[in-house]
S.K.: 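Handing you a structure now.
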Amino acid sequence: MELASKDRPLCLGILLSGRGSNFKAIARSVAEGRLPGVEIAVVVSNVADAAGLEAARNLGLPTAVFVSKGRTRAEHDADLIACLRAHRVDLVCLAGYMRLLSPEFIAAFPNRILNIHPSLLPAFPGLEAQDQAFAYGVKIAGCTVHFVDEHLDHGVIVVQRAIPVPESDDAHSLAARILVEEHIAYSEAIRRVAGGEYEIRGRRYVKRVG
Ligand code: GRF
């Protein structure tokens, strides 16, 4: 899989709906030189007052808003695709984007959409994964960065980070500790994908050697 080229940076398109802490962690990695050859081309939201959007504006990054209310998924996603293409986006990063993508969107960026999920998939897909994990009584929790396919929280796993769940944890403290891992995992996954030295074999992300 070759995404990067020597002539131009790998352009990220970030999609978010909320506070944007994962986006900010990615932006920090770019700014601090931990993602060489990678730049954020555009930050897009379906929520006009998303805090993450404001953070992107403050960083001087291009932003776009496509309010989804009252539009079909296909109409809305067609606008998103056009926007991402206009910004020459190579890799789409979902960072708390709280809307399902249409099959057309997924087909427009095959194996070029990453998502972060706050559990060790395939455990606890869907909403409030940290609460689900805590209520289940897990002793190990964590997060997953995966390619997006047409099923929810399902595609090929690129990075997982695991943490123990001490008995002193509550759902809130567990979510906060998972978030710390998310911020590390997302940049790590982008670095791996941007490097291009990998293959997807069935469900497996495999680093290419030699
Ligand atoms: C994160 O927990 C992420 O795993 C999930 O949505 C949350 C987004 O948080 N998909 P933030 O907006 O990046 O702070």
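Just follow the structure's listing: the first ligand is 1, and inside any ligand the first atom is 1.
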S.K.: Could you tell me the residue and atom name of the protein heavy atom closest to atom 3 (C) of ligand 1, and the distance to it rounded to 0.1 Å?
M.R.: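 Protein heavy atom at minimum distance: Glu182 OE1, 3.1 Å.
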S.K.: Is the number of heavy atoms from other residues, nucleotides or ligands under 6.0 Å of Arg88 CZ greater than 12?
M.R.: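 For Arg88, atom CZ is not crowded (no more than 12 foreign heavy atoms under 6.0 Å).
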S.K.: For Val44, which of Thr63, Ile14, Leu15, Leu53 qualifies under side-chain contact (heavy atoms from CB on, under 4.5 Å)?
M.R.: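 That would be Leu15; it is the only one of Thr63, Ile14, Leu15, Leu53 passing the side-chain contact (heavy atoms from CB on, under 4.5 Å) with Val44.
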S.K.: In this structure, does ligand 1 have an atom that sits under 4.0 Å from one of the heavy atoms of Leu16?
M.R.: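 No; Leu16 lies far enough from ligand 1 that no heavy-atom distance drops under 4.0 Å.
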S.K.: Closer than 4.0 Å to some heavy atom of Ile116 - which atoms of ligand 1 meet that?
M.R.: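 Near Ile116, the atoms of ligand 1 are 3 (C), 4 (O), 5 (C), 10 (N).
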S.K.: Please list, in number order, the atoms of ligand 1 under 4.0 Å from a heavy atom of Arg19.
M.R.: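 Result: 9 (O), 11 (P), 12 (O), 14 (O).
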S.K.: Indicate the ring-plane relationship of Tyr205 and Tyr198, choosing parallel, tilted or perpendicular according to the 30° and 60° boundaries.
M.R.: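 Ring orientation, 0 to 90° scale: parallel.
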S.K.: First locate atom CG of Leu174, then atom NE2 of His172, and finally report the distance between them rounded to the nearest 0.5 Å.
M.R.: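 With rounding to 0.5 Å, CG (Leu174) is 11.0 Å from NE2 (His172).
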S.K.: Around Glu128, counting heavy atoms of other residues, nucleotides and ligands shown, do more than 12 lie under 6.0 Å from its CD?
M.R.: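 Check fails, neighbour count at 12 or below.
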S.K.: Look only at interatomic distance and state if Phe23 has a nitrogen or oxygen under 3.5 Å from any nitrogen or oxygen of ligand 1.
M.R.: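 The answer is no, given that Phe23 and ligand 1 share no N or O pair closer than 3.5 Å.
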S.K.: Got a second to check how far Leu16's CG is from Met98's CE, nearest 0.5 Å?
M.R.: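 Result: 12.0 Å between the selected atoms.
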S.K.: Can you find an N or O of Asn115 that's nearer than 3.5 Å to an N or O of ligand 1?
M.R.: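 For ligand 1, there is no N or O atom that lies under 3.5 Å from one belonging to Asn115.
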S.K.: If hydrogens are left out, which of Gly96, Gly20, Gly18 has an atom nearest to atom 12 (O) of ligand 1, that is, the closest non-hydrogen atom?
M.R.: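 Among Gly96, Gly20, Gly18, the closest heavy atom to atom 12 (O) of ligand 1 comes from Gly20.
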